[in-house]
Amino acid sequence: MKISLESLRPCLDGAIPAVVATSAQDGTPNVAYASQVHFVDAEHVALSYQFFSKTRENVLAHPYAQVQVVEPGSFRHFRLKLHYIRTETEGPLFEYMKAQLAGIAAQTHMDKVFVLRGADIYRVLDIESVDPHIPPPPPPSDALLSLRRTLDRLGDTTDLSDLADRGLAALTAGFGIRHALLLMLDEAGAALYTLGSLGYPDSGIGAEVKVGEGLIGVAARERIPIRINYRTGDYAYQTAMRATHATEPRIPLPVLANPHSRIAVPLIHGGRLLGVLYAESEHDAFFSHADEDALVIYARHLAALVAQAACEPDDAEPAHDEPATRPTGAPLAVRYFAADHSVFIDNDYLIKGVAGSILWTLLNEHARNGRRDFCNRELRRDPRLPLPDFGDNLETRLILLQRRLAERCPTIALEKTGRGRFRLNIGRPLQLSA
Amino acid sequence: MSVQLTVEQTAFLQGPLSMNVGAVGRDGWPCVCRAQGVMVARDRRTLTVLLSASRGRALIDAVDAGSGITLVVSRPSTHATLQLKASAATRATTGAAQRACSARCVAAFADELKGLGYGAGLEQALAALLPTDDLLALRFAPEIVFDQTPGPDAGRVLART
């Protein structure tokens, strides 16, 4: 029976080093270790090009190679006959391999040595099973079943807040994932902000990641899933954030200090990037190729639900404006900085950007005429808010603001009173300054 | 002419190693096979590499047809790697000494991998994969020795004729 390249994907995760044999023009053989043999599609693999080696010199002159890969668990060997086609030095495949190589390099303590210079693409002409008498390893967990369980748990809610929570919680039931984040792309498409989190001491709601920064940012920029199966210092967030934004107020991303496995999957719907689903684990090789496939499908489903939720019409009925009881107690000092729309409560940073601007507008409305009930439609038209003309992240910004307030300043609360409607509840007098 | 391996290189070849042999077939296709033992001659000028005849059929055919040979040996825990090449190799006899050598090399390799966390059942798996009952020996006199430890210096010539 012909062996498919797909069936060899477990061999292509870098768990056991592969070797590549090539021939010089004069027929002298060469064998070298290949750091990475990456599954591209059913007919192609890519080998990492890190140095100008004998292997590279040989394939440029005589474009044929044989790669020997080993299956984790069974140690069965397979030999692939390859024909070198081209080298890619940028783009999604290159970025994926660069991220994955960082993980492999760290696992083998070669972090300083392994730097990707190119992805050498080969067509697979033949696959030989070297050990047909050895039984295959026990089958891995069924990713399709995991996906089904996750979707069952998610349900079909169209409430964004509910979706963010259930979308993450369902991952535990389905995939055993205990640490995950849901990040949404901001209005300018320059950064992602955390809307929901699972399994961290600090929720990190509101924490931002620039597009192109770290694993999440690269997955967003390239619009590709990226999976790293081993602990690596590359693509770490906290270090980079401490170094470059020491003075800027920001919410730390609540990720694990030393994750052994990580995966970032973009949320794409109708050709638009909406956000990124990120998951991580303390265990090596936690996410398989099949898990990656399943999580890509899950992220697409989530993205479709997010897009659908954003299209749901607001309630037509005007909100009943309930009179507020005058709050008592020591006043709460609320300070606003227009430059970045940041809001500080009693000198503690709360939020910035669009959400900060929304809060400041609401608090001023309330201070001016005692209003408590608001609707999304009026915010969309409010010239004081830096909302874009296209796209609509208002609902996710309100959820973010609501969650951030609940965590850091429960004295001020946003209560949902209907679709596209909410109420401002204030427990103490406010002292606003800008 | 062949190079004489250093005492250190000879000692390294006795250690727990991952070993692979390469050759180029008559049709120009390179081929590779995992080796399961290596013996260094007393004068340190000749090596006998052991492999399974059934697993290495294409490689053995290539060598029989006059291909050059290359042996790459790497210690998993340190990544220290040597590559030794010769323009030809010949078949050598196998017997109890070769079988004992192969069993010892495979066990040492399994032990090394176990220390790196490759999981239980490794000795049995590798012993089943690399049995000593269809051993074939290829003898060659290295003409050039490379340091192949991963990194920018990989490929440095350590000795040549």
Side-chain angles (χ1 to χ4, degrees), chain A residues 15-35 50-59 62 64-68 70-77 79-83 105 107-110 112-115 125-126 128 130-135 137 284, chain B residues 18-34 52 54-59 62-63 66-74 76-79 81 83 85-87 110 113 116-119 121-122 124-126 128-131 143-144 146 148-155:
Chain A
I16 300 173
V19 290
V20 54
T22 56
S23 170
Q25 262 183 318
D26 67 357
T28 303
N30 190 75
V31 171
Y33 280 88
S35 311
Q50 293 136 246
F51 320 103
F52 191 79
S53 60
K54 188 67 186 168
T55 296
R56 192 164 169 76
E57 183 188 330
N58 284 358
V59 293
H62 180 75
Y64 304 100
Q66 187 177 64
V67 164
Q68 175 182 271
V70 182
E71 185 177 52
S74 72
F75 287 91
R76 294 190 301 174
H77 288 44
R79 288 193 280 242
L80 284 58
K81 274 189 171 179
L82 305 181
H83 182 202
Q107 187 225 6
T108 49
H109 308 292
M110 303 296 274
K112 302 287 181 284
V113 176
F114 287 177
V115 177
L125 303 179
D126 183 53
E128 175 198 359
V130 184
D131 307 292
H133 61 290
I134 303 283
D284 276 343
Chain B
S18 171
M19 308 175 197
N20 285 283
V21 199
V24 176
R26 209 196 290 263
D27 55 3
W29 271 101
C31 50
V32 64
C33 178
R34 184 175 290 282
S52 152
S54 53
R55 300 179 91 245
R57 200 167 292 128
L59 184 124
V63 168
S67 166
I69 188 167
T70 183
L71 169 68
V72 173
V73 291
S74 180
S77 62
T78 63
H79 307 288
T81 306
Q83 178 156 210
K85 295 188 183 185
S87 53
L113 291 184
L116 294 173
Y118 275 94
L122 201 76
Q124 295 87 330
L126 281 179
L129 201 77
L130 304 169
E143 293 155 20
I144 189 162
F146 300 91
Q148 210 71 56
T149 306
D153 288 337

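Labels below follow one simple rule: chain letters A, B, ... track the order of the sequence lines, proteins then strands, and each chain is numbered from 1.
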request  = Side chain from CB out, backbone as N, CA, C, O: work out which of these in A:L125 comes under 4.5 Å of a heavy atom of chain B, or both, or neither.
outcome  = side chain

query = By a 4.5 Å heavy-atom criterion (distance strictly below it), what part of B:A154 contacts chain A: side chain, backbone, both, or neither?
reply = neither

inquiry  = Which atoms of A:V70 are under 4.5 Å from chain B, going by heavy atoms: the side chain, the backbone, both sets, or neither?
reply    = side chain

request  = Name the option with the most non-hydrogen atom pairs under 4.5 Å to chain B; the candidates are A:T28, A:T22, A:V20.
outcome  = A:T22

query = Which heavy atom in A:V31 sits nearest to a heavy atom in B:V21, and how many Å separate them?
reply = CG2-C, 4.3 Å

note = When every non-hydrogen atom of A:A21 is compared with those of B:P30, the smallest separation belongs to O-CG, 3.4 Å

Side-chain donor/acceptor of B:Q148 to backbone N/O of A:A32, under 3.5 Å = no

key: Donor-acceptor contact present, side-chain A:R79 to main-chain B:V32, <3.5 Å   = yes

query = Does A:E71 have any salt bridge (charged side-chain N to carboxylate O under 4.0 Å, His left out) partners at least two apart in sequence or in another chain, and if so, which?
reply = A:R76

inquiry  = For B:R57, which atoms come within 4.5 Å of any heavy atom of chain A: side chain, backbone, both, or neither?
reply    = neither

task = Give the member of A:K81, A:H62, A:H133, A:K54 that has the highest number of heavy-atom pairs under 4.5 Å with chain B.
result = A:K81

inquiry  = Only pairs of heavy atoms separated by less than 4.5 Å count here; which of A:D131, A:N58, A:I16 has the most with chain B?
reply    = A:D131

Any residue meeting ring-ring contact (aromatic ring centres under 6.0 Å, His included) with A:Y33, in chain and number order, not counting sequence neighbours = none

ask   = Do you know which of B:A23, B:A125, B:G22, B:C31 has the most heavy-atom pairs under 4.5 Å to chain A?
value = B:C31

request  = Could you tell me which of B:S74, B:G155, B:G56 has the largest number of non-hydrogen atom pairs under 4.5 Å with chain A?
outcome  = B:S74

request  = Heavy-atom distances under 4.5 Å only: say whether A:S53 touches chain B with side chain, backbone, both or neither.
outcome  = neither

query = Quick one: CZ on A:F75 to CG on B:L113, what's the gap to the nearest 0.5 Å?
reply = 6.0 Å

task = Under 4.5 Å heavy-atom distance to chain A, tell me which part of B:L116 shows up: side chain, backbone, both or neither.
result = neither

ask   = Checking B:S18 against chain A: side chain, backbone, both or neither under 4.5 Å from a heavy atom?
value = both

task = Heavy atoms only: give me the nearest B:G68-A:P29 pair and the separation to one decimal.
result = O-CG, 3.5 Å

query = Going from NE2 on A:H77 to CZ on B:R34, what distance comes out if it is rounded to the nearest 0.5 angstrom?
reply = 3.5 Å

